[in-house]
S.K.: 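Okay, here's the structure, questions in a sec.
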Amino acid sequence: MKINISEDAFKWFHEEMEVEAGEAVRFYVRYGGSSKLQPGFSLGVTKDVPSEATVVLEHDGVTYYVEQTDVWYFDGHDLHVTVNDELKELDYSYEKESA
């Protein structure tokens, strides 16, 4: 699996979460909410320190990652992170992993 983040989403992380170089952003599984992939679960995001980061994307000195314990949630899909322009919040979509 891969993490894909749009330029406007990188900007969102810097402005809304005040993420700076040297920090890490974790995508994690939450119980509750709705998801196209896993009913009853949703994706959350937080600043954290990687423990067993399995999927990693580095950009401008920031590490974006998914821990080994959360990989099951993606069920063979890549994560695409963009910004919903109307709501001014992150938007997640999933595409079957490319070969």
S.K.: Quick check against the 3.5 Å criterion: does E23 have a side-chain atom that pairs as donor or acceptor with the backbone of V62?
M.R.: no
S.K.: Are the side chain of K47 and the backbone of M17 linked by a donor-acceptor contact shorter than 3.5 Å?
M.R.: yes
S.K.: With rounding to the nearest 0.5 angstrom, report the CZ to CD distance, R30 to Q38.
M.R.: 14.5 Å
S.K.: Between D70 and R26, does the side-chain contact (heavy atoms from CB on, under 4.5 Å) criterion hold? Intermediate values first, please.
M.R.: CA-CA 10 Å; D70 292 328; R26 177 182 178 192; 2.9 Å; yes
S.K.: Give a yes or no on whether V25 and V29 share a hydrophobic cluster (residues Ile, Leu, Val, Met, Phe, Trp, Tyr; joining criterion: side-chain heavy atoms under 4.5 Å apart).
M.R.: yes
S.K.: Using every non-hydrogen atom in the two residues, find where Y65 and A24 come nearest and quote the distance to one decimal.
M.R.: CE2-CB, 3.7 Å
S.K.: Would a distance-only check, ignoring hydrogens and angles, find a side-chain to backbone donor-acceptor pair under 3.5 Å from W12 to K88?
M.R.: yes
S.K.: Given 3.5 Å as the limit, does a donor-acceptor pair link the side chain of Q68 with the main chain of T54, or not?
M.R.: no
S.K.: Do the side chains of F74 and Y31 join up, straight or via other hydrophobic residues, at under 4.5 Å, putting them in one cluster?
M.R.: yes
S.K.: Under a 3.5 Å cutoff, is there a donor and acceptor pairing between the side chains of S6 and D8?
M.R.: yes
S.K.: On the 0 to 90° scale, with breaks at 30° and 60°, tag the Y94-Y73 ring pair as parallel, tilted or perpendicular.
M.R.: perpendicular
S.K.: Can you give me the closest heavy-atom contact between G32 and S42, atom names plus distance?
M.R.: O-OG, 2.9 Å
S.K.: Going through the checks in order, is the side-chain contact (heavy atoms from CB on, under 4.5 Å) test met by L79 and L43?
M.R.: CA-CA 10 Å; L79 170 63; L43 196 61; 3.8 Å; yes
S.K.: Do L57 and I5 have side chains that approach each other closer than 4.5 Å (heavy atoms only, starting at C-beta)?
M.R.: yes
S.K.: If hydrophobic clusters are built from ILVMFWY residues whose side chains come within less than 4.5 Å, do V56 and F10 share one?
M.R.: no
S.K.: Over all heavy atoms of both residues, which pair between Y64 and I3 is shortest? Give the atoms and the distance, please.
M.R.: O-CD1, 3.7 Å
S.K.: As an exercise, state the distance from CD of E95 to NE2 of H80, rounded to the nearest 0.5 Å.
M.R.: 3.5 Å
S.K.: Assess the residue pair E7 and H59 against the criterion (side-chain contact (heavy atoms from CB on, under 4.5 Å)); give the C-alpha distance rounded to whole Å, side-chain angles, the decisive distance to 0.1 Å, and a yes or no.
M.R.: CA-CA 10 Å; E7 285 303 317; H59 184 270; 3.9 Å; yes
S.K.: Counting distance only, does the side-chain N/O of D91 pair as donor-acceptor with the main-chain N or O of V83 below 3.5 Å?
M.R.: no
S.K.: Taking V19's backbone N and O only, do any of them form a donor-acceptor pair with H14's side chain (distance below 3.5 Å, no angle check)?
M.R.: yes
S.K.: Are any side-chain N or O atoms of E67 and backbone N or O atoms of Y28, one a donor and one an acceptor, separated by less than 3.5 Å?
M.R.: no
S.K.: Looking at D75 and K96, what are the two nearest heavy atoms and their distance?
M.R.: O-NZ, 3.6 Å
S.K.: Report the C-alpha separation of V45 and L90 in whole Å, then their side-chain angles, then the decisive distance to 0.1 Å, and conclude whether the side-chain contact (heavy atoms from CB on, under 4.5 Å) test is met.
M.R.: CA-CA 10 Å; V45 63; L90 294 178; 4.1 Å; yes
S.K.: Just checking E58: does its CD atom have more than 12 heavy atoms from other residues, nucleotides or ligands closer to it than 6.0 angstrom?
M.R.: yes
S.K.: Is the number of heavy atoms from other residues, nucleotides or ligands within 6.0 Å of CD (E52) greater than 12?
M.R.: no
